[in-house]
Peer 1: 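Below are the structure tokens for one structure; questions will follow.
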Amino acid sequence: QVHLVQSGAEVKQPGASVKLSCKTSGYTFTHYGISWVRQAPGHGLEWMGCISAYNGNTRFTQNFQGRVTLTTDTSTNTAYMELRSLRSDDTAVYYCTRDPPSTTAAAMFDYWGQGSLVIVSS
Amino acid sequence: DVVMTQSPLSLPVTLGQPASISCRSSQRLVYSDGNTYLSWFHQRPGQSPRRLIYRVSNRDSGVPDRFSGSGSGTDFTLKISRVEAEDVGFYYCMQGTLWPWTFGQGTKVEIK
């Protein structure tokens, strides 16, 4: 069975950084990629970017370009998302979801993590 | 960016009755491989989204057959043939054809 298990909730001050993890199991990690999607309280879903676990290529939306770093650790089948220069409007639940191995391929989003709540507050 | 517009945004339904959600894209969603990457997701309160339908009309494993997807080009529809209590929550369409991937605003389905 495919599982994506995310790290726990974080509370950060404005200007700080946060690094979330997404540990996968039940499939060959390097045969797929991981996308990150966030959902602000009471709002819809916003795709942030994706990373190929096959070759490490990344792709981001303009909203997050330069402020997000995506990485993977193929030894532990884990993906990471680091968001810098946090603002109050970054308060959201952040989800990881499975994607194709190529960042230029069409999206999959067939399996999702349980989400990680990030609260940005002074 | 491709704008995905869902309607209605709120859908009160009676148990056992059908329900339908529309999703329109601002551009045609046919990918270079000839497929149309339009998916539907269901999200219950406090839970992660769950993919129900992929490539317009293909049901994911374990999704009840009362759910069906249809459409082409820029107009797509999710139908529930007979609404059950567990179907409440938000439904989102998403296009995975044209970068960046984008979601509809969501439709809230609730029981009357």
Side-chain angles (χ1 to χ4, degrees), chain A residues 1-6 9 20 22 24 26-27 32-52 57-65 68 70 92-117, chain B residues 1-7 9-10 21 23 25 27-56 58-63 69 89-109:
Chain A
Q1 270 189 329
V2 174
H3 290 288
L4 283 70
V5 179
Q6 299 186 233
L20 306 178
C22 172
T24 72
Y27 71 96
Y32 293 87
I34 294 288
S35 262
W36 290 84
V37 175
R38 78 175 184 181
Q39 186 171 37
H43 285 74
L45 301 166
E46 178 183 22
W47 181 70
M48 300 173 64
C50 60
I51 183 168
S52 167
N57 286 352
T58 56
R59 208 171 186 188
F60 306 96
T61 65
Q62 269 198 322
N63 283 353
F64 297 99
Q65 188 78 42
V68 170
L70 300 183
V93 176
Y94 290 78
Y95 296 102
C96 60
T97 178
R98 195 171 72 162
D99 234 356
S102 169
T103 56
T104 57
M108 282 176 60
F109 294 13
D110 55 351
Y111 292 93
W112 293 65
Q114 84 278 19
S116 297
L117 173 62
Chain B
D1 297 0
V2 177
V3 177
M4 306 296 289
T5 304
Q6 290 183 226
S7 63
L9 298 185
S10 178
I21 301 170
C23 176
S25 58
Q27 300 179 49
R28 291 177 59 84
L29 300 182
V30 181
Y31 192 61
S32 54
D33 63 4
N35 290 309
T36 297
Y37 290 89
L38 185 287
S39 301
W40 290 95
F41 297 86
H42 177 215
Q43 186 178 34
R44 296 190 180 102
Q47 293 188 13
S48 305
R50 173 197 183 193
R51 196 178 71 177
L52 301 175
I53 302 286
Y54 62 96
R55 292 205 305 269
V56 180
N58 297 275
R59 267 192 309 275
D60 271 279
S61 175
V63 174
F90 280 87
Y91 290 81
Y92 296 92
C93 61
M94 188 210 79
Q95 67 84 16
T97 294
L98 297 168
W99 184 88
W101 320 144
T102 47
F103 291 88
Q105 320 96 301
T107 295
K108 184 177 183 179
V109 171

Peer 1: Whether the Q39(A) and Q43(B) side chains hold a donor-acceptor pair (N or O, under 3.5 Å, no angle test) is what I'd like checked.
Peer 2: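 Yes, because at least one side-chain N or O of Q39(A) sits under 3.5 Å from a partner of the opposite role on Q43(B).
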Peer 1: Nearest 0.5 Å please: distance from the OG atom of S61(B) over to the CZ atom of R51(B).
Peer 2: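 Going from OG on S61(B) over to CZ on R51(B), the span is 10.5 Å.
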Peer 1: Are side-chain N/O atoms of S35(A) and W47(A) paired as donor and acceptor at under 3.5 Å?
Peer 2: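 A pair is found: one side chain offers a donor N or O, the other an acceptor, under 3.5 Å apart.
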Peer 1: I need the S39(B) OG to D60(B) CG distance, nearest 0.5 Å.
Peer 2: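 Between atom OG of S39(B) and atom CG of D60(B) there are 8.0 Å.
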Peer 1: Tell me whether Q65(A) contacts the main-chain N or O of R59(A) through its side chain, where contact means a donor paired with an acceptor under 3.5 Å.
Peer 2: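 Checked: no pair found.
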Peer 1: Please look at F90(B) and chain A and tell me whether the side chain, the backbone, both or neither of the residue comes under 4.5 angstrom of a heavy atom of that chain.
Peer 2: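 Contact with chain A is absent: no heavy atom of F90(B) under 4.5 Å.
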Peer 1: Is chain B contacted by the side chain of F60(A), its backbone, both, or neither, given a heavy-atom distance below 4.5 Å?
Peer 2: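 Just its backbone gets close to chain B.
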Peer 1: Select one option (side chain, backbone, both, neither) describing which atoms of Y54(B) are under 4.5 Å from chain A's heavy atoms.
Peer 2: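 Interface part for Y54(B): neither.
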Peer 1: Find out whether P49(B) and F109(A) are in side-chain contact, i.e. whether some heavy atom of one side chain is under 4.5 Å from a heavy atom of the other.
Peer 2: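 Not touching, per the 4.5 Å side-chain cut-off.
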Peer 1: For chain A, find which of S48(B), S32(B), G96(B) contributes the most heavy-atom pairs closer than 4.5 angstrom.
Peer 2: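 Most pairs with chain A among the choices: S48(B).
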Peer 1: Under a 4.5 Å heavy-atom cut-off, does chain A meet the side chain of Q47(B), its backbone, both or neither?
Peer 2: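 Contact with chain A is through the backbone of Q47(B) alone.
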Peer 1: Which answer fits W101(B), side chain, backbone, both or neither, if we ask what part of it has an atom under 4.5 Å from a heavy atom of chain A?
Peer 2: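 Both backbone and side chain.
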Peer 1: Looking at V37(A), T61(A), T104(A), L45(A), which has the largest count of heavy-atom pairs under 4.5 Å with chain B?
Peer 2: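 The option with the most such pairs is L45(A).
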